[in-house]
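Below: the structure, in structure tokens.
Chain letters run A, B, ... following the sequence lines, proteins first and then strands; every chain starts at 1.
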Amino acid sequence: MGNLQILSFETSSSICSVALDNKSVVSQLSEQSANRHTEVVLGFAQKLLDEAGLRLSDVSAVSWSAGPGSFTGLRVGASVVQSLGFALKIPVINVSTLQALAQEAYILHGIDDVFVAMDARMSEIYCGYYKLGSNNLMQPEIDDYLVSVEKLSIPNCKTYIAGNALSEYEENICIPSNIVGKFDDIFPTARAVSAIAKYKFYKNETCDPIKAIPNYIRNKVV
Amino acid sequence: MKVLGIETSCDESAAAIYCDKDGLLSHKVYSQTVHSEHGGVVPELAARDHIRKTLGLIEDALSEAKCSKDDVDAIAYTAGPGLAGALLVGSMMGKTIAYAWNKPSIAVNHMEGHLLAPMLEDSAPKPPFVALIVSGGHTMLVDVQQIGEYRLLGETVDDAAGEAFDKVARLLNLGKYTGSEVAKIAELGDKKRFKFPRPMTKTRNLDFSFSGLKTKVLYEYQSIENPVEQDKADIAWAFQEAVIETLVKKCKLALQDTRLNALVLAGGVGANKYLRQRLAEELGDNSVFYPRIEFCTDNAAMIAYAGWWNLSQGRKDLSLAVKVKPRWKLV
Ligand SMILES: Nc1ncnc2c1ncn2[C@@H]1O[C@H](COP(=O)(O)OP(=O)(O)O)[C@@H](O)[C@H]1O
């Protein structure tokens with residue numbers, strides 16, 4: 001257990017972040033880099049390895065935020081982890097982007113019950129509902145889903161709400177009184193992906209590199 | 001020296017290994033079928049399919065060539081021109097594998113790949129020559145003094161020749177909307193019934209235009225009441241003839257103007273048998289070089305070769321940044 005190194009990638013939004021878990025010491029690099037993910041992502045990985053005095057060949061597994069999110073962004077992540085998994089002969093761990101968002105809310109604010117709502121453009125929202133489970137990880141209460149702004153229904157219980165859909169659709173979303181607090185500035189991060197990935201790694205929830213396929217949720221694209 | 005080539009610029013995912021000593025060691029292509037019901041390539045669907053297929057093709061190409069990490073000297077990938085989202089997949093994969101294996105990578109221009117495809121044949125052309133590149137996205141005549149040294153002689157001012165073929169296939173509602181279907185049905189056509197103009201052949205310049213021709217074909221076809229298969233075949237023949245006579249004529253002019261005596265044909269339309277036949281008939285003393293039919297359309301063999309060539313010229317990239325160039329011009 002002691003020698004685990006996981007490299008994690010979060011490229012699903014306008015922020016690109018990479019995290020390295022080196023024997024449970026987690027470091028992260030991130031940048032608001034809209035359309036520059038392809039230009040910075042591998043450099044971030046190498047920089048983290050350099051700072052930790054590691055080589056890429058020391059990495060035991062790669063993980064990534066597999067969606068939902070920006071289609072192009074997700075494919076940057078998928079291309080990177082498929083290739084690293086293949087080239088280094090190591091397993092890949094797929095992590096839900098919304099779970100990573102919930103986990104980031106936990107990391108930042110200690111929130112243990114959160115409804116996440118991420119802007120999906122075209123007046124739609126990617127939603128998920130997460131609660132803190134064992135090992136300090138946010139676990140899904142329901143499957144992540146896509147819904148139009150008008151049909152958005154926020155759980156009727158004491159919970160937090162997080163994600164950029166709140167500010168994107170501010171005028172159209174009415175926050176019920178049972179909501180304890182809202183955080184519209186939280187984005188999924190590679191360190192959150194990393195925390196979830198590590199647990200999945202030990203539970204053998206890894207996959208072959210070729211199975212690192214984005215979960216777009218929105219499949220009607222024509 | 002062995003180079004892994006990766007191609008994902010449009011609707012073919014492909015991987016290949018080229019060895020400068022032993023030639024092409026393997027090549028794998030997957031042609032996407034997700035677009036057929038939409039009557040044209042849907043960029044988002046193309047990118048999604050590349051993510052599903054490309055790594056498997058890379059693995060297959062490597063194992064068929066009996067190559068492992070240690071045998072590969074560099075990785076070449078198509079960086080443009082093409083669809084941004086599609087290019088991104090192959091480019092990011094190529095660069096990441098190169099990074100993980102500690103090898104150089106080479107960003108290849110897709111059009112240079114097409115142009116160099118005939119180099120993979122036993123009777124390979126030697127520069128200087130004139131190249132006619134005719135694909136779904138491009139129609140151009142290039143003066144190739146040396147590999148890597150290109151001068152544009154002429155190009156289409158509107159539609160590419162392959163695009164015109166695709167549009168006519170669609171107009172005639174042929175099973176698949178591609179030039180090969182037009183060519184197939186044209187074989188049954190009455191050669192005398194229709195005659196379409198040969199666009200831009202009256203002037204001595206080397207540019208092309210196919211959009212007016214396409215419109216003429218449309219009007220002619222729409223004026224037929226209840227068209228049957230034979231009508232389609234007759235139209236297809238006359239259309240194909242007009243395109244091909246135009247291409248042949250411009251090739252002749254280009255050879256005269258440059259005083260060169262070899263022509264290289266590349267790109268998807270180069271698979272057209274009638275074009276090959278007419279070039280052979282008309283260019284008499286000049287020699288014409290073609291890639292094999294399967295290397296006319298998109299493939300990674302040509303990318304691996306172009307990558308090797310660029311590498312042999314000392315061009316390689318050790319940076320970790322990927323930039324796709326959807327509008328990358330050859331010249
Ligand atoms: N036998 C043929 N006759 C005419 N055109 C053809 C034939 N076979 C393929 N094509 C055309 O070639 C084009 C595809 O070539 P390709 O080099 O893959 O183009 P691109 O890379 O621009 O998509 C299509 O436009 C198709 O209609």
Requested in this report: Measure up the A:Y216 and A:F71 rings against each other and bin them: parallel (under 30°), tilted (30 to 60°), perpendicular (over 60°).
Outcome: perpendicular
Query raised in the report: B:L88 and B:H50: side chain to side chain contact (heavy atoms under 4.5 Å, CB included), yes or no, with the steps?
Result: CA-CA 10 Å; B:L88 181 145; B:H50 287 308; over 6 Å; no
Query raised in the report: Between B:H27 and B:F295, does a ring pair (Phe, Tyr, Trp, His ring centres under 6.0 Å) hold up when you go through it step by step?
Result: CA-CA 10 Å; B:H27 82 97; B:F295 291 167; 4.7 Å; yes
Report task. Flag the one option from B:M93, B:K323, B:H38 with the top tally of heavy-atom pairs under 4.5 Å to chain A. Result -> B:M93
Report task. Pick one of side chain, backbone, both or neither for A:V40, based on which atoms fall under 4.5 Å of a heavy atom in chain B. Result -> neither
**Report entry** Test item: side-chain donor near acceptor, A:Y199 and A:E205, under 3.5 Å
**Finding:** no
Query - Heavy-atom contact with chain B under 4.5 Å, split by part of A:N219 - result: both
**Report entry** Residue B:L62 versus chain A: region with a heavy atom under 4.5 Å
**Finding:** side chain
Query raised in the report: Parallel, tilted or perpendicular: which describes the rings of B:Y18 and B:W308, with under 30° parallel and over 60° perpendicular?
Result: tilted
Report summary line: The interface call for B:K95 against chain A, heavy-atom contacts under 4.5 Å, is both
Query raised in the report: Any idea which of A:L84, A:T72, A:L74, A:V59 has the most non-hydrogen atom pairs under 4.5 angstrom with chain B?
Result: A:L84
Query raised in the report: Side chain, backbone, both or neither: which part of B:V42 has a non-hydrogen atom closer than 4.5 Å to chain A?
Result: side chain
Requested in this report: Give a yes or no answer on whether the side chain of A:S12 reaches the backbone of A:G69 with a donor-acceptor pair at less than 3.5 Å.
Outcome: no
Query raised in the report: For the candidates B:G85, B:G94, B:A47, which exhibits the highest count of non-hydrogen atom pairs separated by less than 4.5 Å from chain A?
Result: B:A47
